Amino acid sequence: MNLFAQMRDDVLDALRAMVADGALPEGLGFDNVTVEPPRDAAHGDMATNAAMVLAKPAGLKPRDIAADLAVRLEGLERVASAEVAGPGFLNLRLDASVWTQVVETILQDQAYGRSDTGQGARVNVEYVSANPTGPLHVGHTRGAVFGDALANLLDFTGWDVTREYYINDGGAQVDVLARSVYLRYLEAHGQDVAFADGTYPGDYLKKVGADLKEQVGDRFVGTGEEVWLESIRDFATDAMMDLIREDLASLGVEMDNFFSEKSLYGTGRIEAALQALDDKGLIYRGTLEPPKGKLPEDWEEREQTLFRSTAHGDDVDRPVKKSDGSWTYFAPDIAYHYDKIERGFDALIDVFGADHGGYVKRMKAAVSALSDGKVPLDVKLCQLVKLWKNGEPFTMSKRSGNFVTLRDVVDEVGADVTRFTMLTRKNDAPLDFDFAKAVEQSKDNPVFYVQYAHARIRSVQRKADALEIATGVPQLTDPAEVDVARKLAEWPRLVEIAARNHEPHRIAFYLYELASSFHALWNRGNDDASLRFVQEDDVIASAGKLALPAAVAAVLTSGLGILGVTPLEELR
RNA sequence: GGACCAUUAGCUCAGCUGGAUAGAGCGCUGCCCUCCGAAGGCAGAGGCCAGAGGUUCGAAUCCUCUAUGGUCCGCCA
């Protein structure tokens, strides 16, 4: 039940009636008519712009349309008053019964806030997709949380969601991994080894080297790369993917599918994807202009195989084959997205780090070309995370020596705090993550404030249970109670907006606002005992008061669920 | 040279499909509370929404240009 959507339907009904009566001309489009919460509560509970939007096409004055509409809407049961304001706004005040109905609905309907706007369409959300060369670090953590919450949000709004991880196991970096593991392997055999530039020196490979020794003994000692490279590469990437899966699990992230880049090679799948582009006349041999401004030192003009991405919105055409005939990184990526399209997804979402921003246009061009514009690709970029502790930059790493890992963060503050905090900024804004503030118990810590609201409600409910007071029909008398109910009424609308924009951070901000509004009511109970939820000497009144916190808890639980955060029963 | 993202209160940031007098937390100022369902409450001051044009009934929001900051720019992934 979305109260705003319902009221919009009522407004549209009234407008149609006005057309039928000749008060409005035929053939008007109502698409731009909105019903929204007014910015200023003094303007009432809802406002519609109908009169202003329709004035011009109807050739009438906005205030005249609004006045007529007001009379019709005032006839509705749930509208207490309708008042023309400003240039032609129609401000609606709702009957008090509407708010108790909202609370009742939440208590009865487990699915409150869910919607079917996705209509069961299939969406693929690709996120994390870190190279399988080491543990996940902080940057991956943000992408993991963002992608996961977005996937939850889309599921909540009726999409059929697949969570997917693209394993970059086909490029040169996994060869580097293999060589690094080989060094650890030699080390496990008691040799002194030196890590040259271009190898991964992290401690996390020691165990992999030791495990390799365990498995193959000394078979690779003293042999050349041509002997061991391939098998160590497989061994090492498997080990790294196990590590990464564990990292993700510690954060509560579970993928539906891991897609291997390597599986695209030698199987004709890259060739098939490029053939599909070729069939559309989008592949050609040619040379690119050097980048303007600063000419690279070693620039020389070379002929390459190019994808005409400019035909689909890119700025320059992009090479898919290097001048030596091998694939660029872009080629398997095209094949991967082609595979997603062929799997029948209706929409694709890629979550990348902001440093891949330059890659967005060519990827969109490829998907547009391969799907004939039928499958939309949205690329969400996550900006950097800066870590702090008590105002000091935080660079500790127990595991890698040079970067803070996902595990470092989760060990420090826990998965729930990590997840919520990562969503307290828009994805494309840089995020300051302060370990001390993230676990601070104060009002300026949104994680705590939201959890605190939930814990308070649970505390009240335990008290009510002890007194054998059941939750009854909601009674909302005080304005502070109605404020909370009004906030609850916004939830379904908020969810729809967040899902449509692919912006899960909106959920976190909403939960903070809901918690604030609840805490305000609670605080009034400190001064005015009649506003407390449990009235020890009045079971009837208590039953009526307990409905509102129960509804708040339900929405908090629901919202935290989208973020992947477990609500706390009590604070310690 | 070009592309993308950003620019909103002293600070850190929200701001919906374009909607009315642009919000929150911190900090600041003042008052209240020490009650318990601890981890305070209430109120106030504080804004040329980077700048300039444009679109329209209406722009922080859309378009163009400019400034500043960040990221990226064939043969890395």
Side-chain angles (χ1 to χ4, degrees), chain A residues 31-34 36-40 42-43 47-49 51-53 55-56 61-62 85-89 91 131 133 168 170-174 176 261 287-296 298-302 304 306 314-319 321-324 326 328-330 332-333 353-361 379 381 383-384 424-426 428-432 434 437 440-446 448-449 452 455-457 459-460 462-463 490 493-494 496-498 500-501 503 505-506 508-510 512-513 516 519-520 522-527 529 532-534 571:
Chain A
D31 286 354
N32 293 328
V33 173
T34 62
E36 304 178 316
R39 193 171 298 198
D40 187 342
H43 292 138
T48 178
N49 64 354
M52 290 180 291
V53 173
K56 195 169 188 182
K61 290 181 184 167
F89 280 102
N91 290 333
N131 291 340
T133 54
N168 291 115
Q173 79 283 355
V174 286
V176 174
E261 177 192 356
T287 56
L288 287 173
E289 294 284 311
K292 294 199 169 120
K294 42 158 196 172
L295 190 66
D298 58 346
W299 178 269
E300 47 182 291
E301 197 166 272
R302 287 175 189 168
Q304 301 165 109
L306 298 166
D314 203 355
D315 307 307
V316 292
D317 292 338
R318 306 290 178 175
K321 252 186 197 177
K322 303 175 195 172
S323 50
D324 68 1
S326 64
T328 63
Y329 176 74
F330 189 34
D333 243 3
D355 56 339
H356 287 60
Y359 212 66
V360 173
K361 280 193 180 182
V379 180
L381 299 177
Q383 268 292 350
L384 296 177
T424 54
R425 286 287 175 274
K426 219 168 19 181
D428 54 6
L431 171 70
D432 286 325
D434 189 309
K437 279 190 182 158
E440 188 177 273
Q441 301 196 333
S442 73
K443 185 174 181 175
D444 61 320
N445 179 4
F448 165 75
Y449 215 50
Y452 185 28
R456 272 183 157 172
I457 294 167
S459 164
V460 166
R462 284 191 295 270
K463 184 173 178 179
E490 288 177 24
R493 181 172 180 274
L494 185 283
E496 281 186 28
I497 292 169
R500 184 173 60 232
N501 293 306
E503 291 181 341
H505 75 277
R506 289 175 189 271
F509 280 93
Y510 170 84
Y512 180 73
E513 288 168 15
S516 293
H519 286 306
W522 181 290
N523 293 330
R524 293 212 45 210
N526 284 337
D527 295 334
R532 297 185 185 180
F533 303 115
V534 175
L571 297 175

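Below, read A as the first sequence line, B as the second, and so on, with proteins coming before strands; counting in each chain starts at 1. Please read all numbers here as calculations on a predicted model, not as lab measurements.
Note: OH (Y359(A)) to C1' (G74(B)) measures 13 Å, nearest angstrom. Atom CD of E513(A) and atom P of A24(B) are 10 Å apart (whole Å). One interatomic measurement links the two molecules: OH of Y329(A) to C1' of A77(B), which rounds to 6 Å at whole-angstrom precision. Atom-to-atom, CG of D333(A) to P of A77(B) comes out at 11 Å; the value is rounded to the nearest Å. Nucleotide C16(B) holds its P atom 14 Å from the CD atom of E490(A), rounded to whole Å.
For the pair R500(A) and U17(B), the criterion of a side-chain N or O lying under 4.0 Å from OP1 or OP2 is met. Considering only side-chain N and O atoms, N501(A) lies under 4.0 angstrom from the phosphate OP1 or OP2 of U17(B). Side-chain N/O atoms of K361(A) include none lying less than 4.0 angstrom from OP1 or OP2 on C5(B). When the side-chain nitrogen and oxygen atoms of K437(A) are compared with OP1 and OP2 of G25(B), none of them lie within a distance under 4.0 Å.
Nearest to the side chain of H505(A), among U17(B), G15(B), G37(B), sits G15(B). The listed nucleotides are G15(B), G40(B), C57(B); the one nearest the side chain of F448(A) is G40(B). Between G19(B), U17(B), A6(B), one nucleotide has an atom nearer to the side chain of T34(A) than all others, and that is U17(B). The side chain of F533(A) lies closest to G37(B), out of C57(B), G37(B), C16(B). For F509(A), counting side-chain heavy atoms from C-beta on, the closest listed nucleotide (G41(B), A14(B), G37(B)) is A14(B). Candidate nucleotides G37(B), A77(B), C57(B) were compared by shortest atom distance to the side chain of K463(A), and G37(B) ranks first. Of the listed nucleotides (A77(B), C42(B), G37(B)), A77(B) has the atom at the smallest distance from the side chain of E261(A). Here the side chain of K322(A) is nearest to one of U56(B), C76(B), G37(B), namely C76(B). Of the listed nucleotides (A77(B), U17(B), G41(B)), A77(B) has the atom at the smallest distance from the side chain of N168(A). Checking C13(B), C5(B), C16(B) against every side-chain atom of E36(A), the shortest atom distance belongs to C16(B).
Taking 4.5 Å as the limit, every side-chain heavy atom of I497(A) sits out of range of all side-chain heavy atoms of Y510(A). P430(A) places none of its side-chain heavy atoms less than 4.5 Å from the side chain of L384(A).
The backbone N or O of Y449(A) sits less than 3.5 Å from a side-chain atom of H519(A), completing a donor-acceptor pair. Distance alone, capped at 3.5 Å, places no donor-acceptor pair between the Q304(A) side chain and the K322(A) backbone. Put simply, the side chain of D314(A) never gets that close to the backbone of K361(A): no donor and acceptor are under 3.5 Å apart.
Nucleic acid contact for Y512(A): sugar-phosphate only, since backbone atoms but no base atoms lie under 4.0 Å from a heavy atom of the residue. Nucleic acid contact for P319(A): sugar-phosphate only, since backbone atoms but no base atoms lie under 4.0 Å from a heavy atom of the residue. Nucleic acid contact for F89(A): base, since at least one base atom lies under 4.0 Å from a heavy atom of the residue. At a threshold of 4.0 angstrom between heavy atoms, the contacts of V316(A) with the nucleic acid are absent. Residue A354(A) is classed as a sugar-phosphate contact, given heavy-atom separations below 4.0 Å to backbone atoms only. Residue V360(A) is classed as having no contact, given no heavy-atom separation below 4.0 Å to the nucleic acid. Using a 4.0 Å heavy-atom criterion, one finds that R532(A) contacts the bases of the nucleic acid, with or without backbone contacts as well. Residue L494(A) is classed as having no contact, given no heavy-atom separation below 4.0 Å to the nucleic acid. Among the protein residues, A47(A) comes within range of the nucleic acid bases, having at least one heavy atom under 4.0 Å from a base atom. Residue R506(A) is in sugar-phosphate contact alone, with no base atom involved, counting any heavy-atom pair closer than 4.0 Å across all strands shown. N49(A) comes within 4.0 angstrom of a base, heavy atoms only.
A donor and an acceptor atom sit less than 3.5 Å apart, one in the side chain of N91(A) and one in the base of A20(B). Remark: the R493(A) side chain and the C16(B) base include a donor-acceptor N/O pair separated by less than 3.5 Å.
When Watson-Crick and G-U wobble pairs are counted only if both distances are under 3.5 Å, G74(B) pairs with no nucleotide at all.
Sequence order on RNA chain B of the closest nucleotides to Q441(A) and V33(A) puts V33(A) first from the 5' end. Between P38(A) and N32(A), the residue anchored closer to the 5' end of RNA chain B is N32(A), taking for each the nucleotide with the nearest heavy atom.
Counting only N and O atoms by type, the side chains of S326(A) and D324(A) include a donor and acceptor under 3.5 Å apart.
Salt bridge annotation for E496(A)-R493(A): absent, with no cationic side-chain nitrogen under 4.0 angstrom from a carboxylate oxygen.
Across every non-hydrogen atom of R532(A) and N526(A), the tightest pair is NH2-O, 3.4 Å.
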